[in-house]
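One structure below.
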Number of protein chains: 2
Amino acid sequence: MKTIRKIGAVLRQFTATQPEHSTTDLSRAIGNSTSGTHDLVDGLAGIGLLSKVERGRYRLGPLVATLYRALDDSSALTEAARPVMQKLAVDHGETLHLTMHDQGRLLLVEAIEGERPLRVSRDVIGPHLALYQAPPGLLHLAGFSHARLEEWLDAHSRPGGPIASRSRFRSDLTALAEDGFAVGPIMGDDDIVCLAAQVRDHTGRPVAALSMAAPASRHDRQPRAFRNITIEAAERISARLGYKKPS
Amino acid sequence: MKTIRKIGAVLRQFTATQPEHSTTDLSRAIGNSTSGTHDLVDGLAGIGLLSKVERGRYRLGPLVATLYRALDDSSALTEAARPVMQKLAVDHGETLHLTMHDQGRLLLVEAIEGERPLRVSRDVIGPHLALYQAPPGLLHLAGFSHARLEEWLDAHSRPGGPIASRSRFRSDLTALAEDGFAVGPIMGDDDIVCLAAQVRDHTGRPVAALSMAAPASRHDRQPRAFRNITIEAAERISARLGYKKPS
DNA sequence: TGTCTTTTTCCGGCAATACCGGAAAATTGG
DNA sequence: CCAATTTTCCGGTATTGCCGGAAAAAGACA
């Protein structure tokens, strides 16, 4: 459906850093004429996916909030994860994220910032990161099928880029998949350690990643404790989703 | 754009109480053939607005969360309101809601549940309420233009219904508009008192309603205090949005 | 204030595609 | 295993999305 693909392209122009666009902006972005784009965005404003804030200027509209509320309220994942994350935050005081993925980037489902004087910002994890740039993203990649991973690599690797060897990258991911766990920096920043553990649904399918981010100085004093805490919390969320771990 | 109106109709079938639909469900809801509906939902799944969870079964998809994150992170309203609501919650311990409206129903932007042993649930305010059924909704209606209010009344009033007299209802709303404040039960439940105050943007336009909900027994001991607290908090949010109250 | 430039809005026509019928495939229930 | 129902697929056609071009609106500048 060509119209639907254009709708997707238009909607994805709206981001936290660029929340408002003119008709001319959007027509350039999607390669339509200004009058064709005008018809399209006017239609989207009519159903509430966009909102016309001034003459020729648009923002995301109330239907986005309505749909998100429906998504969030019905989500077994957020229902299962929220109490576990809240308890973990109280017990350990470190920054927590629950993520999925969308179009090769991290999708933040839930974030709780730590309470300690020295803490990692909740904003370190989000759609500004490509999947390979943080441990939760690597876990999502580890859950991809072979074909889907090839497609992702085709889109994201280049000579001289961060993924030097495809075969090495694939075998690293295989090891992560076996562990259901990844640990490392975020975007190469060695002052922060991020630990991510797989969350599975009732069928055993990986659906999300729970991660804890702490200053490296705190993590390095008790690395095994940090690892165990993260894995156990992810297992508790998975259990609440109906997953039974094989003996 | 006929296709876009169908997309709106399909997306609005997904609610917290009915988060998953089959192709046949959706074709009945929008009056398309099953094959036509299949093409449509397959297209929506392709861009991420829906997600195909099983053969022929769909839920809201990751693009909804992505767009909501963009909406929420860029929203001057949530940025202005959150710290004020958090302080109010700490200081007074009552349940708070910030609402807008969408298609004649309340749209929940932010909710903080009270901390006291006896408290009102955060779920009392949401899209299950038509605007006339709670004080924040009445404030939204009070902000409607004459034409838009007539349209809403055409859609929502009926002989023997809750709006017995249109002219009486309109003059009640005019009084609320002058006050920028409404107080009353939620859906006629007299054990709860809900107080709502208008939030304005930098141009003075009403954009949201802040409300506090408390057990009637607590409210009735100090009704003027509750009213003042609610109005002052809404004024603080409005000020943070750049609104300057006329002297 | 007037002029020029740019952007937005509007609308009818036509080329592109959304929608459908019908059949094959898949699933469920008995 | 069979019947019933639903889903999926795909080519053709009726419908509509998209556009050109012009009018309207807004901003910048002198």
Side-chain angles (χ1 to χ4, degrees), chain A residues 1-15 18-61 63 145 147-148 151 201-205 242, chain B residues 1-15 18-61 63 67 145 147-148 201-205 242:
Chain A
M1 303 272 283
K2 196 168 180 182
T3 303
I4 290 181
R5 284 204 292 280
K6 291 195 177 224
I7 289 167
V10 164
L11 291 174
R12 286 186 187 275
Q13 298 305 311
F14 293 89
T15 61
Q18 286 190 293
E20 187 172 309
H21 286 281
S22 68
T23 312
T24 305
D25 283 344
L26 295 169
S27 86
R28 288 186 189 122
I30 69 170
N32 261 29
S33 68
T34 53
S35 46
T37 302
H38 183 261
D39 288 338
L40 187 67
V41 297
D42 202 53
L44 291 171
I47 62 170
L49 277 177
L50 293 183
S51 187
K52 183 173 173 180
V53 294
E54 276 187 56
R55 179 178 174 271
R57 300 195 69 82
Y58 297 86
R59 286 181 172 252
L60 290 169
L63 181 54
S145 65
R148 195 174 184 193
E151 193 188 337
D201 71 5
H202 65 289
T203 67
R205 192 166 58 95
Chain B
M1 304 271 285
K2 196 168 180 183
T3 303
I4 290 182
R5 285 204 291 280
K6 293 199 176 220
I7 289 168
V10 163
L11 291 174
R12 287 187 187 274
Q13 298 305 310
F14 294 88
T15 62
Q18 285 190 294
E20 187 171 311
H21 287 279
S22 69
T23 312
T24 305
D25 283 343
L26 295 170
S27 87
R28 288 185 189 122
I30 70 170
N32 260 29
S33 68
T34 53
S35 48
T37 303
H38 183 263
D39 289 336
L40 187 68
V41 297
D42 201 54
L44 291 171
I47 62 170
L49 277 176
L50 292 182
S51 188
K52 183 173 172 180
V53 294
E54 276 186 56
R55 179 178 174 272
R57 300 196 69 80
Y58 296 87
R59 286 179 172 253
L60 290 169
L63 182 53
L67 295 177
S145 65
R148 197 175 184 192
D201 72 5
H202 65 288
T203 67
R205 194 165 58 94

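Quick caveat, the model's predicted, so the values are computed rather than measured. So that the names make sense, note that chain A is the first sequence line, chain B the second, and so on, each numbered from 1.
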Separation of [N] [atom2] from [X] [atom1] (nearest whole Å):
| X | N | atom1 | atom2 | value |
| --- | --- | --- | --- | --- |
| B:Arg5 | C:dA18 | CZ | P | 16 Å |
| B:Asp42 | C:dT17 | CG | P | 17 Å |
| B:Ile7 | D:dT16 | CD1 | P | 14 Å |
| A:Leu26 | C:dT9 | CG | P | 12 Å |
| B:Arg28 | D:dT5 | CZ | P | 11 Å |
| B:Lys2 | D:dA14 | NZ | P | 15 Å |
| A:Met1 | D:dC10 | CE | C1' | 15 Å |

Can you list the steps and then say if A:Asp25 with A:Glu20 is a side-chain contact (heavy atoms from CB on, under 4.5 Å)? CA-CA 10 Å; A:Asp25 283 344; A:Glu20 187 172 309; over 6 Å; no
Is there a side-chain contact between [X] and the phosphate of [N], meaning an N or O under 4.0 Å from OP1 or OP2?
| X | N | answer |
| --- | --- | --- |
| A:Thr34 | D:dG21 | no |
| A:Lys52 | C:dT9 | yes |
| A:His38 | C:dT9 | yes |

Close side-chain approach of A:Leu40 to B:Ile4, heavy-atom, < 4.5 Å: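 In short, these two side chains touch, coming nearer than 4.5 Å.
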Is any side-chain heavy atom of B:Leu11 closer than 4.5 Å to one of B:Leu60? yes
Going by the side-chain contact (heavy atoms from CB on, under 4.5 Å) test, name the single residue among B:Leu50, B:Val10, B:Leu26 that passes it with B:His21. B:Leu26
Grab the two heavy atoms, one from B:Phe14 and one from B:Pro19, that are nearest each other, plus how far apart they are.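 So the two residues come closest at CD2-O, 3.4 Å.
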Confirm from the modelled atom types if A:Ser35 and D:dG20 form a donor-acceptor pair under 3.5 Å, side chain to base only. yes
What about B:Asp39, does its side chain sit under 3.5 Å from the base of C:dC20 through a donor-acceptor pair?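 Present.
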Residue A:Leu40, side-chain atoms from C-beta onward, closest of D:dC18, D:dA24, D:dT7: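 Nearest to the side-chain atoms of A:Leu40, counting from C-beta on, is D:dC18.
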Can you tell which of D:dA26, D:dG21, D:dT7 lies closest to the side chain of B:Ser22?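 For the B:Ser22 side chain, the nearest candidate turns out to be D:dT7.
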Nearest-nucleotide wise, let me know which of B:Asp25 and A:Gly31 is further upstream toward the 5' end of DNA chain D. B:Asp25
For A:Arg55 and for A:Thr37, locate the closest nucleotide of DNA chain D by heavy-atom distance; then report the residue assigned to the nucleotide nearer the 5' terminus.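 The 5'-side residue here is A:Thr37.
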On DNA chain C, nearest-nucleotide positions of A:Ile4 versus A:Thr24: which is more 5'? A:Thr24
Considering heavy-atom distances to DNA chain C, does B:Glu54 or B:Ser33 have its closest nucleotide positioned more toward the 5' end? B:Ser33
Please work out if A:Asn32 contacts a base, only the sugar-phosphate, or nothing of the nucleic acid, heavy-atom cut-off 4.0 Å. sugar-phosphate
